[in-house]
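Below: one structure, written as structure tokens.
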There are 2 protein chains.
Amino acid sequence: MIESLKNHILRFVNPSKKEIEDFLNIIELENIPAKHYILKEGHYCNYNHFIVKGCFRSFFINKKGIEKTINFGIEDWWLTDFDSFMNRTQTQLNIQATEDAIVLKVSKTKLDTILQNSLEINKYFRIILERVRIADQRRIQYMFNLSGEELYNTFYEYNPEFVQRIPQYMLASYLGFTPEFLSKIRAKKHL
Amino acid sequence: MIESLKNHILRFVNPSKKEIEDFLNIIELENIPAKHYILKEGHYCNYNHFIVKGCFRSFFINKKGIEKTINFGIEDWWLTDFDSFMNRTQTQLNIQATEDAIVLKVSKTKLDTILQNSLEINKYFRIILERVRIADQRRIQYMFNLSGEELYNTFYEYNPEFVQRIPQYMLASYLGFTPEFLSKIRAKKHL
DNA sequence: AGAAAAACTTAATCTAGATTAAGAAATAAA
DNA sequence: TTTATTTCTTAATCTAGATTAAGTTTTTCT
């Protein structure tokens with residue numbers, strides 16, 4: 001189980017045996033059944049989660065009471081609310097498993113002790129965050145540049161298997177429009 | 001000049017004298033007159049820029065030929081196109097000074113040699129990127145949740161002085177709507 | 001100071017996507 | 001294998017913001 005995280009780390013950096021063992025020692029394994037939450041609005045986000053298996057969505061509830069999905073996470077992704085995690089504030093986010101899942105989680109306090117001294121683990125998270133930044137920027141760029149229909153087509157093109165994996169209304173929300181509109185787009189595509 | 005970067009680093013991490021000197025030694029100073037570019041579409045982004053003074057915007061040109069501002073940067077911010085910087089790809093972005101500016105820039109190759117060995121500089125950039133991630137997530141959340149008018153009011157509330165500093169059409173573009181619509185919002189506010 | 005360029009405003013018209021509502025399919029649960 | 005719950009579709013109506021176009025104000029340059 002923990003091998004998948006180890007492999008992920010070794011794809012990016014070259015820690016010593018001790019360095020990686022120290023890190024892996026603070027990791028906790030958790031099974032999350034579908035629909036269960038690993039973070040709920042109003043709570044403090046004390047963990048960063050590495051997804052071994054399964055799929056999650058993070059969403060918040062807007063003033064009209066509608067759920068807005070702002071991110072998905074699948075295998076080999078880290079998932080947390082950095083704002084709450086770093087600044088020790090109450091989160092506005094919910095993070096929910098969309099299918100049965102397995103995560104490796106690390107608490108803020110334990111992670112901090114590792115990051116205090118480990119060059120390679122710092123590198124690892126720096127590199128992960130650089131990649132996240134690229135993805136975020138690309139997403140913002142797409143949101144500005146593309147119509148709803150184009151957003152869907154682009155997403156489908158790059159993530160065809162993932163589209164099957166989640167309910168349509170979640171994808172609609174992630175792309176920034178209503179499920180009704182997504183239905184309309186799909187109807188148009190099929191004839 | 002380089003003091004401002006030094007101070008910024010010391011706000012987040014505690015490098016040894018040698019560690020910070022080694023880093024500062026690879027930094028180059030550059031003056032950028034208003035309207036000049038530090039990055040142009042189609043080029044390779046070989047530098048990360050720390051803004052000592054002035055203001056920049058990064059934008060791309062969409063298919064309709066319209067400039068879309070996706071970020072601003074002011075004093076004490078790092079500015080680059082990470083996608084191009086990390087992946088050595090041609091950038092789609094333009095980064096332009098909106099006023100006379102001074103930057104400290106560091107090349108990818110030199111930065112890499114520092115990041116190879118320096119714990120504290122890795123920490124520094126990791127922390128910066130965590131903060132950037134928080135800002136990006138918040139921005140995405142706002143874009144989904146708020147109407148154009150609310151986006152403007154929120155931005156104005158948190159950055160009143162900055163609104164004066166840039167042309168309105170750039171702000172409109174950054175917020176995701178047209179300058180005409182921003183004019184309408186402002187007209188409504190004033191009576 | 002005067003001309004040119006850049007930035008901003010106003011108003012009429014148009015459209016992508018939201019909203020509302022009701023029914024149909026598909027999944028899950030009992 | 002029936003019932004309940006969740007998800008998806010269709011269609012009519014509505015609206016925030018885009019587009020177009022023309023005029024005005026402000027800034028920059030010579």
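A, B, ... follow the sequence lines: proteins, then strands. Residue 1 opens every chain. This one's a predicted model, so the numbers in the text were calculated from it and none came from an experiment.
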Problem set entry | Value in whole Å for how far the P atom of dG17(D) lies from OH of Tyr169(B) | 22 Å
Problem set entry | Under 3.5 Å side-chain donor-acceptor pair for Tyr174(A) and Arg57(A) | no
Exercise. So does Lys64(B) get a side-chain nitrogen or oxygen closer than 4.0 Å to the phosphate oxygens (OP1/OP2) of dT19(D)?
Worked result: yes
Problem set entry | Rounded interatomic separation in angstrom, taking CD from Gln164(B) and P from dT26(D) | 15 Å
For this session: Measure from CD on Glu99(B) to P on dA7(C) and round the result to the nearest Å.
Result: 14 Å
Exercise. Just by distance, with hydrogens left out, do Asn71(A) and Gln137(B) show a side-chain donor and acceptor under 3.5 Å apart?
Worked result: yes
Problem set entry | Nearest-angstrom distance from the residue atom CZ of Phe144(B) to P of dA16(D) | 20 Å
Exercise. OP1 or OP2 of dA18(D) less than 4.0 angstrom from a side-chain nitrogen or oxygen of Thr178(B), does that happen here?
Worked result: yes
Problem set entry | Separation of dG17(D) C1' from Leu175(B) CG (nearest whole Å) | 14 Å
Seminar exercise, completed: Taken to the nearest whole Å, CZ/Phe181(B) to C1'/dC8(C) is 16 Å
For this session: Using distance alone, with no hydrogens and no angle criterion, decide if Arg88(A) and Asn46(A) have a side-chain donor and acceptor under 3.5 Å apart.
Result: yes
For this session: Examine dT28(D): is either OP1 or OP2 under 4.0 Å from a nitrogen or oxygen in the side chain of Lys35(B)? Give yes or no.
Result: no
Exercise. OP1 or OP2 of dT6(D) less than 4.0 angstrom from a side-chain nitrogen or oxygen of Gln168(A), does that happen here?
Worked result: no
For this session: Report the relative orientation of the aromatic rings in Phe12(B) and His8(B); use parallel for angles under 30°, tilted for 30 to 60°, perpendicular for over 60°.
Result: perpendicular
Exercise. Which whole-number value in Å describes the distance from Lys184(A) NZ to dC14(D) C1'?
Worked result: 12 Å
Seminar exercise, completed: From CD of Glu180(A) across to P of dA22(C) the rounded distance in Å is 14 Å
Exercise. Considering only dT7(D), dG17(C), dT9(C), which nucleotide approaches the side chain of Phe177(A) most closely?
Worked result: dG17(C)
